[in-house]
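Since the structure is predicted, the reported quantities are computational estimates derived from the model, not experimental observations. Letters A, B, ... are given to chains in the order of the sequence lines, protein chains preceding strands, and every chain is numbered from 1.
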Protein chains: 2
Amino acid sequence: MKYDHIKQAVYRKIESGEWPEHHPVSSENQLAKEFQVSRMTARRALQELSDEGLVVRTRGAGTFVAPLKSQSALLTIRNIADEIRLRKHRHHAVVRLLEEVDAEPGLATLFGLQQGAKVWHSVITHFENGHAVQVEDRHINPALVPHYLEQDFTLRTPHEYLCEVTPLTEASHQIEAVSPTSMQQQWLDLDQAEPCLQIQRRTWAREGMVSQAVLTHPGSRFRLGGHMTFSQKAKVLKTQTKK
Amino acid sequence: MKYDHIKQAVYRKIESGEWPEHHPVSSENQLAKEFQVSRMTARRALQELSDEGLVVRTRGAGTFVAPLKSQSALLTIRNIADEIRLRKHRHHAVVRLLEEVDAEPGLATLFGLQQGAKVWHSVITHFENGHAVQVEDRHINPALVPHYLEQDFTLRTPHEYLCEVTPLTEASHQIEAVSPTSMQQQWLDLDQAEPCLQIQRRTWAREGMVSQAVLTHPGSRFRLGGHMTFSQKAKVLKTQTKK
DNA sequence: TACATGCTATTGTATATACAACATCAAGAC
DNA sequence: GTCTTGATGTTGTATATACAATAGCATGTA
């Protein structure tokens, strides 16, 4: 499988960070020459990488490493700020906490740190047209993310910062319905405890787990929606059963 | 784009139901002859359909229409009964309501029916190891689904029945956190109103909207989870931005 | 400067061919 | 009946080639 050889070579360049977003990928002819294969074989490698969304190809221009910023709309829940702006609404954020804390035992294990090691912690409330729609309670692995505490998260969300600083490779999510804690209630400006949609998101880079975020949305002000056609459904199914 | 011509021809056969699950698809050579193209062009059509999960290809055997039964794990939320059995737990269902009712105006519009037309309505509680984990409140378009009221839904879930009777082509979902109504609370054997995760699922066939289901889960007994790697994430992203 | 033209590199589509790997079935050997 | 063998059809991989469509750049022109 020569084409798979080429795919993996390109994949390594991207995954290692040697080729960042928008970096040009060798052209079909260059790869064909370099790997001593025909252009059609090199083409297949790039084509499959494109199908998988790792590179973007433009006729006449070339092949480039795909930007990873934008996220799948439904599961990773795109950056809340982008989502709000997409609806042409105003977004602003208020930083409630930004601190260094002792890691809880469970989290220390997930991060691969010693018991009692320090981790970074931020709590940020996101507003849509002046109404609180999400409180983002996030813990960060300081071994993998530099200068987290010095960022101004009213300008750029933690998620955006993480995407820039580290190449994320995996994510897991859990969605559940909960009653907000009194602190969450306060952070969301809720008069009374209403049901909240809570999403736990964990993200990994190649070196290990980068961050855990707990995103809490008031049920009355947030809804998670999606739509898929038959063939798209089948495609998602395939990516999931493949593992 | 000759290859796209072939893709669409095959797609129509599948979508129309003329080729059911596991039905053999014409071979590359047959298609090449039929459409007056080279084998490589016919091959591309089948290959892309395979990438999209519509057909399954086996070297030496041939190409076949893919089984659609299994659903994407995260969004369509696989059949609750399957999910429970997958965890090696006991599942049973209790039918709370199974009746013909007047369609609400909104639903009649969605179904493409006259105001005040009759629709079918079922309410079923699903139990995992004896604990209620979901109440399924479903409305059915009687124009597209036969004999719904005569089914025994303790043996086969409505979702399973619908999948057998009609070829579903699209689905949309909304997820939110709510307080249960008093009826839902009763159907779920809840002592007090706890936050519930509520999923609204609408499904379409080619002829129109088939069904609307509202699935309500007690927050304390249910969690929606998922995991995806980098390249899978990118693939999902692509299918969603494509529209 | 501003615009138009054309050249070149790159990706997209289509074809023809060759061989490899595998599944299925039928005929024959035991 | 059971197993082996081989023929045939199918998909998978790889190559070589041709032309189309587009992007980007450089060059020439007004």
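Residue A/R43 is classed as a base contact, given a heavy-atom separation below 4.0 Å to a base.
Comparing A/V37 and B/L46 against DNA chain D, the residue whose closest nucleotide sits nearer the 5' end is B/L46. Between B/V25 and A/M1, the residue anchored closer to the 5' end of DNA chain D is B/V25, taking for each the nucleotide with the nearest heavy atom.
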Scoring nucleotides 19-24 of chain D by protein non-hydrogen atoms under 4.0 Å (B base, S sugar-phosphate only, - none) yields --BBB-

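Contact footprint of chain A on DNA chain C: nucleotides with an atom under 4.0 Å from a non-hydrogen protein atom, first to last in 5' to 3' order, C/dA9 to C/dA14.
A side-chain donor-acceptor contact under 3.5 Å links A/E160 to the backbone of A/T157.
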Checking side chain to side chain contact (heavy atoms under 4.5 Å, CB included) for the pair B/L197/A/I175: CA distance, chi angles, key distance, verdict?
CA-CA 9 Å; B/L197 196 64; A/I175 305 174; 4.1 Å; yes

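A/F127 has its ring centre less than 6.0 Å from the ring centre of A/H92.
For the pair A/Q198 and A/L215, the minimum side-chain heavy-atom distance is 4.5 Å or more.
For the 3.5 Å distance criterion, the side chains of B/R57 and B/T63 qualify, holding a donor opposite an acceptor.
In summary, A/E52 and A/K7 engage in a salt bridge, as defined by a charged side-chain N under 4.0 Å from a carboxylate O.
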Contacts under 3.5 angstrom, residues 29-36 of chain A side chains, donor-acceptor by atom type, not counting sequence neighbours:
residue, atom, partner, partner atom, Å
A/Q30, OE1, A/S27, N, 2.9
A/Q36, NE2, A/K33, O, 3.3

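Dashed line: the shortest gap from a side-chain N or O of B/Q47 to OP1 or OP2 of D/dG12 is under 4.0 Å.
Note: OH (A/Y3) to P (D/dT11) measures 16 Å, nearest angstrom. When rounded to the nearest whole Å, the span between CZ of B/R57 and P of D/dT10 equals 12 Å.
Taking the six-membered ring for Trp and thresholds of 30 and 60 degrees, A/F153 and A/Y161 have ring planes more than 60 degrees apart, a perpendicular arrangement.
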